[in-house]
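Given the structure is predicted, the values throughout are model-derived calculations rather than measurements. To find a chain, count down the sequence lines: A is the first, B the second, and so on, and within it residues start at 1.
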Amino acid sequence: MKIASWNVNSIRARLEPALAWVKSANPDVVCLQELKCQEEQFPREAFEALGYNCAVHGQKTYNGVAVLSKHPLEDVTPRLKGDDADEQSRYLEALISGPKGVVRVASIYAPNGNPFPGPKFDYKLAWLERLRAHAADLLRNEEPVVLMGDYNIIPQDKDAHNPKGWLKDALFQPESKDALRRIENLGYTDAFRALHPESGHYTFWDYFGSWERDNGIRIDHILLSPQAMDRLNACKIDRHVRGDSEKPSDHVPVWCDLDI
DNA sequence: ATGTCGATACTTTATCGA
């Protein structure tokens, strides 16, 4: 089962390239982030026409996540527990039945956290701690779990073309890296890093000319539970998507293939 | 400090978030 994630930076602004990528990549499951629209504005019919069931957790202007699947979606759960006052749409989970079994998939849009320091950075760390607590709970089911999306965290120096340029940024603070490592220490694996240990692989380039200089960072991650890791066949970054359209997202898709 | 996007609003330009 091919399971992909992509921060599209507005699904309405990105509909044409998104449909083109889905048609060519043909994933079984797609997690989208930064929809920047409410659920009723999501172009559901366009994806249904390609054979996808759509679960959407939208929000006006900001955030918004979705899970699209060619297989049945069950147990669809929006919101990350732990703070009922949190109105930001950054988490959507679903159970998906594949030909060989089930997999639990979450579409994640973690807070950016800039400017650092400040209340937005505090919110980022609190949100990531809520994600860690939930990730720990999920392990008790001993099922394949895929926690994928835009974590807004650069894990290591080798995940940035210019690490020194990020030293004052929320995405590269030690507390941010620690928050990701704490989730991994529960038993989750960064699937891309496990299969590709070398530097130079990025998922985000800003719109300020970074693509032309390959000044990228790797911040979109696929975290796999042990039961999912056992079934991992491949994990890739669809870098070409940045150059495939005239109005690309600042992120490109990442995906894994699981024997499920 | 700056660059560029996308969405929004008491638009047609400024603001915010990234």
Side-chain angles (χ1 to χ4, degrees), chain A residues 5-21 31-44 46 56-66 80 83 85-92 107-128 131 148-155 159-173 175-177 179-180 202-221 237 239 241-254:
Chain A
S5 174
W6 189 12
N7 179 325
V8 290
N9 187 17
S10 170
I11 189 58
R12 289 176 294 171
R14 217 67 61 206
L15 186 56
E16 275 194 43
L19 292 172
W21 168 75
C31 290
L32 299 174
Q33 299 90 35
E34 277 209 270
L35 302 177
K36 292 188 173 183
C37 70
Q38 293 166 300
E39 180 174 354
E40 55 269 28
Q41 298 172 304
F42 183 84
R44 178 181 297 270
V56 179
H57 181 38
Q59 183 182 333
K60 189 178 182 180
T61 310
Y62 305 120
N63 311 316
V65 287
L80 188 59
D83 182 1
D86 185 0
E87 296 295 326
Q88 302 190 31
S89 299
R90 297 181 174 277
Y91 187 89
L92 180 60
S107 183
I108 288 170
Y109 179 47
N112 176 293
N114 280 304
F116 166 82
K120 292 191 176 183
F121 187 70
D122 298 340
Y123 171 71
K124 174 183 188 134
L125 295 184
W127 195 93
L128 289 166
L131 179 61
M148 65 190 339
D150 179 2
Y151 279 76
N152 269 312
I153 297 170
I154 305 167
D159 295 308
H161 180 264
N162 176 27
K164 288 179 181 170
W166 296 91
L167 287 174
K168 294 178 178 175
D169 195 284
L171 278 59
F172 202 47
Q173 292 311 304
E175 296 95 324
S176 303
K177 300 175 195 173
L180 180 61
Y202 312 125
T203 65
F204 170 93
W205 301 257
D206 68 33
Y207 288 125
F208 312 147
S210 283
W211 171 248
E212 289 71 16
R213 303 190 301 277
D214 195 25
N215 181 23
I217 50 177
R218 194 176 69 92
I219 57 174
D220 297 85
H221 305 303
I237 297 171
R239 177 187 171 97
V241 169
R242 182 60 179 253
D244 281 353
S245 71
E246 291 194 0
K247 289 271 189 184
S249 170
D250 40 8
H251 297 251
V252 293
V254 297

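Two residues are said to be in side-chain contact when any heavy atoms from C-beta on lie closer than 4.5 Å; A/Trp166 and A/Ile217 meet this criterion. Residues A/Val65 and A/Ile108 have side chains not in contact (no heavy-atom distance under 4.5 Å, counting atoms from C-beta outward). Side-chain atoms of A/Arg90 and A/Gln33, non-hydrogen and from C-beta on, never get closer than 4.5 Å to each other.
Distance, A/Asn152 CG to B/dA18 P: 8 Å, rounded to whole Å. At whole-Å resolution of the value, CZ in A/Phe208 and P in B/dA18 are 13 Å apart. Regarding A/Gln88, its CD atom lies at a distance of 17 Å from the P atom of B/dC16, rounded to whole Å. Across the protein-nucleic acid pair, A/Asp250 atom CG and B/dG6 atom P stand 9 Å apart, rounded to whole Å. We find that CG of A/Leu15 is positioned 12 Å from P of B/dA7, with the value rounded to whole Å. Spacing between atom CD of A/Gln38 and atom P of B/dG6 amounts to 19 Å, rounded to whole angstrom units. Taking atom CG on A/Asn63 and atom C1' on B/dA7, their separation rounds to 12 Å, with Å as the unit. One can place CZ of A/Arg213 at 12 Å from P of B/dT4, the figure rounded to the nearest angstrom.
Where A/Pro111 and A/Leu35 meet DNA chain B, the nucleotide closest to each residue was compared, and A/Leu35 sits on the side nearer the 5' end. Comparing A/Gly209 and A/Thr61 by the nucleotide of DNA chain B whose heavy atom lies nearest to each, the residue mapping closer to the 5' end is A/Gly209.
Here A/Arg12 does not reach the OP1 or OP2 of B/dC5: none of its side-chain N or O atoms lies under 4.0 Å away. Within the 4.0 Å cut-off from OP1 or OP2 of B/dG6, at least one side-chain nitrogen or oxygen of A/Lys247 is found. Here A/Lys36 does not reach the OP1 or OP2 of B/dC16: none of its side-chain N or O atoms lies under 4.0 Å away. Side-chain nitrogen and oxygen atoms of A/Lys60 include none within less than 4.0 Å of the OP1 or OP2 phosphate oxygen of B/dA7. In terms of phosphate contacts, A/Arg14 brings no side-chain nitrogen or oxygen within less than 4.0 Å of OP1 or OP2 of B/dC5.
Spacing of P atoms, B/dA1 relative to B/dG6, comes out at 25 Å, to the nearest Å. Taking the P atom of each, B/dT8 and B/dT2 are spaced 26 Å apart, rounded to whole Å. The C1' atoms of B/dT4 and B/dC10 are separated by 27 Å, rounded to the nearest whole Å.
Between A/Lys124 and A/Glu175 there is no salt bridge, since no side-chain N of the basic residue sits under 4.0 Å from a carboxylate O of the acidic one.
Figure legend: A/Arg218 and A/Tyr202 shown without cation-pi pairing, the cationic atom not lying both under 6.0 angstrom from the six-membered ring centre and within 45 degrees of its axis.
For A/Tyr109, taking side-chain heavy atoms from C-beta onward, the closest of the listed nucleotides B/dG6, B/dT8, B/dA18 is B/dA18.
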